[in-house]
Amino acid sequence: MIKIFKPCDFHVHLREGDLAKQVLAENNKQFQKILIMPNLNIPITNSKLLNKYRKHLLKNNKNLEILFTIYLNQNCSIKELSEMKKKKLFFSVKLYPKNATTNSSSGVSDIKKMTKFFEFLEKNEVPLCVHGEHVQFNDDPFEREKKFLDIELHWIRKNFPNLKITLEHITTKDSIDFVKQHNLIGATVTTHHLLENTYTFFGNHLKPELFCKPIIKNAKHQQALQKVVLSGHKKFFFGSDSAPHLKSKKFTEFCCAGVYSTKYSISNIIEFFYRNKKQSNLDKFLTLNGNNHYNLDYYREKITFRRNSNYKFKRFSKFKNDHLINYNFYKNFWSSI
Ligand code: DOR
Ligand code: ZN
């Protein structure tokens, strides 16, 4: 048995419409708080789009705390951001480099053009969440994260020293080192980047359900991630990057990037800490570090989880005439009681 606070997921994609309803229901079961990403088909760049999205989600929510993000690009308006911030309609903004991932074609191609926005965020204490990949024609996808640190993130940190930054879904030892060495920057880590590596992803059979951005890295990087997460280091916390895509869009010629992990993430994370005899650091990774990074309060009631060895995992969850593919790693399941 393990007792932990109800966890928080500081990076999740709910999508929109009926899919968002279904994914939100799953999140209500697993989490006390989620920070949701704004890369919808039409990205949330203004108050009209945000209000519509808020309405839809809040109507279908139970008691989960939802933190909203704005999709930052050159079309955003400082005036609007300022008004929305005053009304506490959003919590953070998300920077997507153009074409780095799903629905990022309206992302940013030159961060220097975003200076006035960074100044606004810094002054108004709005956290900047970043997808940390530098993308270029004919580049090597395995090098994108490191390049982003050297080119973009270094520049942002240097020029906006009081801006709070979250480097999302880190996958490399380079990012761990960068985050440790700089002030006011924390990082989220996903379940799949923690538990998988290039060998498990395509060393034998190719597993399309594990295709995501940033791409899963080799065992050396994976071990660096595992070490820092197990240590409970205060700058590293859970953000699943759980990203639902339909089975028909994953198991096909052009596989979409994204791993849908919400259903079994917490069970997988508990099992990972349990096997490494670090259960005492679970609350840090799943609740405390993220809330401390963002200066947020959290709900303190503890939940008990029990380990089951004969659990039947659901590989697919039905959605309309299609399915979502549930990511799971371990054979044991931790159920809440
Ligand atoms: O693989 C990914 N999928 N990475 C992201 O950053 C976005 C996500 C999505 O929205 O599908
Ligand atoms: Zn994401």
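Note that the structure is predicted; figures quoted are calculated from it, not measured. Excluded from the calculations below are hydrogen atoms, water molecules and symmetry mates; all remaining heavy atoms, backbone and side chain alike, are included. Whatever order the structure lists ligands and atoms in, that order sets their numbers, starting from 1. The residues of the chain are indexed from 1 along the displayed sequence.
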Can you find a non-hydrogen atom of M37 under 4.0 Å from ligand 1? no

Report yes or no: does a heavy atom of K94 sit under 4.0 Å from some atom of ligand 1? no

Considering only heavy atoms, does [X] approach ligand 1 within less than 4.0 Å through its side chain, its backbone, both, or neither?
X: N39; result: side chain
X: E168; result: neither
X: H11; result: neither
X: N103; result: neither

Mind checking whether F160 and W155 have ring centres under 6.0 Å apart? yes

Between F329 and Y327, is the ring centre distance below 6.0 Å? no

Can an N or O of H245 be found at a distance shorter than 3.5 Å from an N or O of ligand 1? yes

Show, in sequence, the C-alpha distance, side-chain angles and deciding distance for I269 and W334, and conclude whether the side chain to side chain contact (heavy atoms under 4.5 Å, CB included) test is met. CA-CA 9 Å; I269 298 287; W334 287 86; over 6 Å; no

Is it the case that [X] and [Y] place a side-chain donor and acceptor less than 3.5 Å from each other?
X: H56; Y: E16; answer: no
X: S104; Y: T101; answer: no
X: T171; Y: K217; answer: yes
X: S248; Y: D322; answer: yes
X: S335; Y: N308; answer: yes

Can you pull out the closest protein heavy atom to [atom]? Residue, atom name and distance to 0.1 Å, please.
atom: atom 8 (C) of ligand 1; answer: A243 CB, 3.7 Å
atom: atom 3 (N) of ligand 1; answer: A257 O, 3.0 Å
atom: atom 5 (C) of ligand 1; answer: T101 OG1, 3.0 Å

Classify the ring geometry of [X] against [Y]: parallel below 30°, tilted from 30° to 60°, perpendicular beyond 60°.
X: H11; Y: H169; value: tilted
X: H182; Y: F178; value: parallel
X: F211; Y: F201; value: parallel
X: Y294; Y: F10; value: tilted

List ligand 1 atoms under 4.0 Å from [X], heavy atoms only on the residue side.
X: H131; value: 6 (O)
X: H169; value: 6 (O)
X: C212; value: 1 (O)

Protein N, O or S within less than 2.8 Å of the Zn ion (ligand 2), waters excluded: H11 NE2, H13 NE2, D241 OD1

Just to be sure I'm reading this right: ignoring hydrogens, which of K213, H192, R15, H13 gets closest to atom 11 (O) of ligand 1? Compare them by their nearest heavy atoms. R15

Within 45° of the ring axis of F31 and under 6.0 Å from its six-membered ring centre, is that where the NZ or CZ of K6 lies? no

